[in-house]
Amino acid sequence: MYKAGEPLLNHDDDVENAPDRNMQRGNVHALQMFLLSTFLLLFLAGSAFHPKPLMLRSAEHRRDDQHYDCNISLVESIPIGLNYTPNSPKFMSTFEAWQRLLDLGNSTLDIGSFYWTMRGEDTGFNHSSAEPGEQIFNRLLANGPDFIGGSPKIKIRIAQSEPSSVSPNLDTKILESYGAAKVVSLDFRKYLGGGILHTKLWIVDNKHFYLGSANMDWRALTQVKELGVLAQNCPQLTSDLAKIFKAYWYLGSNADARIPSSWSFDYKTDYNKEQPMILNVNKEYTMQAFASSAPPPLSAPGRTHDLDAILNSINSALEFVHISVMDYYPLIVFGQKLQFWPAIDNAIRSAAIERGVHVKMLISWWQHSDASMDHYLRSLQDLTMSNRHVNIEIRRFIVPADEDQKRIPYGRVNHNKYMVTDRVAYIGTSNWSGDYFTDTAGIGLVLKDTVPNMTASIRNDLQNIFDRDWNSTYAHALT
Ligand SMILES: *[C@@H]1O[C@H](CO)[C@@H](O)[C@H](O)[C@H]1NC(C)=O
Ligand SMILES: *[C@@H]1O[C@H](CO)[C@@H](O)[C@H](O)[C@H]1NC(C)=O
Ligand SMILES: *[C@@H]1O[C@H](CO)[C@@H](O)[C@H](O)[C@H]1NC(C)=O
Ligand SMILES: *[C@@H]1O[C@H](CO)[C@@H](O)[C@H](O)[C@H]1NC(C)=O
Ligand SMILES: *[C@@H]1O[C@H](CO)[C@@H](O)[C@H](O)[C@H]1NC(C)=O
Ligand SMILES: *[C@@H]1O[C@H](CO)[C@@H](O)[C@H](O)[C@H]1NC(C)=O
């Protein structure tokens, strides 16, 4: 929206070239002042009136105003036994989305992943709810020549984080040994002295993708609450994400590979927070979109850093910021010594204090949560008392577990990582602590409404998901 005003604010050029060359200098100034104040009025009014002309103007100033088709939907894993009230918003499951992608693919499948435990036995625990995970695994395995005779049906490439004794990644060993997939491991100790590949991304035929919080883990389909997006027939945005995968593949497939000081042209993107891609979503409405990447050394020229995507989304909110992340710390958690990392915390505080933006944060709680997190959360929520305009509310989301479910290791948690504001939907793969933006590889997707307060949009869907969870019996006040 503010883009529309930029030419007027920045330079005299537009006015100097005004058709009426006889206009006197004083009049030019008066006109400038008039235009400026009109613009400010429109801006302050939140474009409540005449949003159309403003939008059209901003489109005119784009270098690339091409619209690209993309069918996007939100997909979720809702843990077994977590029940919402009837008529609550419901979306396609992650399991269905992955099956859909496997159905669609006829040429390539690239998976960017952290670790692999798709089979019950990988977790030392054969639970009946591992079945969907095993089904997906078996479909990947069936790509191997031994099963179908001849060459693999499609070309599967997997980039995973370097396996360790605690996570040996047996699944990918099996897939590789059956010729079903090519697998590379990324060792971030070599590239950055530490960190992991934490991305969860599927790219099919360079045309369809999944991006979200779900690991390649059977529990991510039935026992852990996940949120992501499925995009179908979305070649331009998918090709852009493929450039991030390409960097992972480069690092993983050469033993001597190091992060280049500058990524070459092949990895460069034209789409970022300054110049998003315009998507024609489901042939129904348009949205602005771009993918962000972390950590910064992995970003090729043009790529918005994941942290900047988050800060920009918070900073551009006018009314509300709703955040749902598993862990939130204004700290570098895994450093050698405790380090304060206030980038996101500061953005939240200024949004609430300076702009009266209403902030809600839904943070997870499970048996492995560190109780120290409560202090950082409470210090944010406490600001609500400071001034009547300031409103920061925080709740903890607890996934219920019965006796049987409690025995599942590292299950039963809300693993979502997203944010929704009055203008933006941000879907990510990272917890919100410094580590995820300094040495951990992750990806974010920013989708912005082109028409404010659009009801038929992904952003609105995400808002409904947040409201459903926030108002559910599983959301608890901070104690
Ligand atoms: C969006 O809707 C809300 C509630 O209906 C309204 O208060 C607000 O002004 C609207 N914002 C814009 C940018 O139109
Ligand atoms: C894959 O399927 C698409 C239609 O979904 C088709 O246009 C394309 O030619 C197919 N490619 C191959 C390699 O079979
Ligand atoms: C789980 O099932 C697999 C295959 O059926 C079996 O090999 C394994 O021993 C089982 N593991 C446990 C812990 O029961
Ligand atoms: C988009 O995808 C959804 C979910 O798969 C499907 O129901 C819908 O028909 C698709 N829309 C278009 C325009 O392709
Ligand atoms: C962040 O998320 C991962 C899972 O994605 C979880 O295992 C981990 O403990 C979380 N917390 C931190 C501080 O990294
Ligand atoms: C649910 O939560 C939202 C805030 O996230 C609130 O605005 C809305 O009124 C609530 N809805 C119900 C039905 O309680």
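When reading the values below, keep in mind they use all heavy atoms of this one structure, side chains included, and skip hydrogens, waters and symmetry mates. Each ligand, and each atom within it, is numbered from 1 in the order the structure gives.
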- Query: Who pairs with Lys155 by salt bridge (Lys or Arg N to Asp or Glu O under 4.0 Å), at least two apart in sequence or on another chain?
  - Reply: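 Salt bridge (Lys or Arg N to Asp or Glu O under 4.0 Å) list for Lys155, sorted by chain: empty.
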- Message: Looking only at side-chain N and O atoms, does Asp240 offer a donor or acceptor that is under 3.5 Å from a partner on Thr269?
- Response: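 Short answer, yes.
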- Message: Need the ligand 3 atom indices (1-based, order shown) with element for anything under 4.0 Å from a heavy-atom of Glu121.
- Response: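 Going through ligand 3 atom by atom, the ones under 4.0 Å from Glu121 are 1 (C), 3 (C), 4 (C).
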- Message: My understanding is that only one of Phe466, Tyr418, Tyr426, Trp470 makes a ring pair (Phe, Tyr, Trp, His ring centres under 6.0 Å) with His322; could you say which?
- Response: Phe466
Distances only, to 0.1 Å: what are the N or O pairs between ligand 4 and the protein that fall under 3.5 Å?
{"from": "ligand 4", "atom 1": "2 (O)", "to": "Asn71", "atom 2": "OD1", "distance (Å)": "3.1"}
{"from": "ligand 4", "atom 1": "2 (O)", "to": "Asn71", "atom 2": "ND2", "distance (Å)": "2.3"}
{"from": "ligand 4", "atom 1": "5 (O)", "to": "Arg100", "atom 2": "NH1", "distance (Å)": "2.7"}
{"from": "ligand 4", "atom 1": "5 (O)", "to": "Gln232", "atom 2": "NE2", "distance (Å)": "2.9"}
{"from": "ligand 4", "atom 1": "11 (N)", "to": "Asn71", "atom 2": "ND2", "distance (Å)": "2.9"}
{"from": "ligand 4", "atom 1": "14 (O)", "to": "Asn71", "atom 2": "ND2", "distance (Å)": "3.1"}

- Check whether any heavy atom of Gly124 sits under 4.0 Å from an atom of ligand 3.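 In this structure, Gly124 qualifies as a contact of ligand 3 - some heavy atom is under 4.0 Å.
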- Query: Cationic tip of Arg157 within the cone over Trp249's six-membered ring, i.e. under 6.0 Å and within 45° of the normal?
  - Reply: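 Flagged: Arg157 positioned over aromatic ring of Trp249.
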- Aromatic Tyr267 / basic Lys246 pairing, under 6.0 angstrom, 45° off normal: yes
- Query: With the threshold set at 4.0 Å, does a side-chain nitrogen-carboxylate oxygen contact exist between Arg423 and Asp449?
  - Reply: no
- Message: Taking the basic N atoms (NZ, or NE/NH1/NH2) and the acidic carboxylate oxygens, is any pair closer than 4.0 Å for Asp469 and Arg395?
- Response: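 A salt bridge is absent here (no side-chain N lies under 4.0 Å from a carboxylate O).
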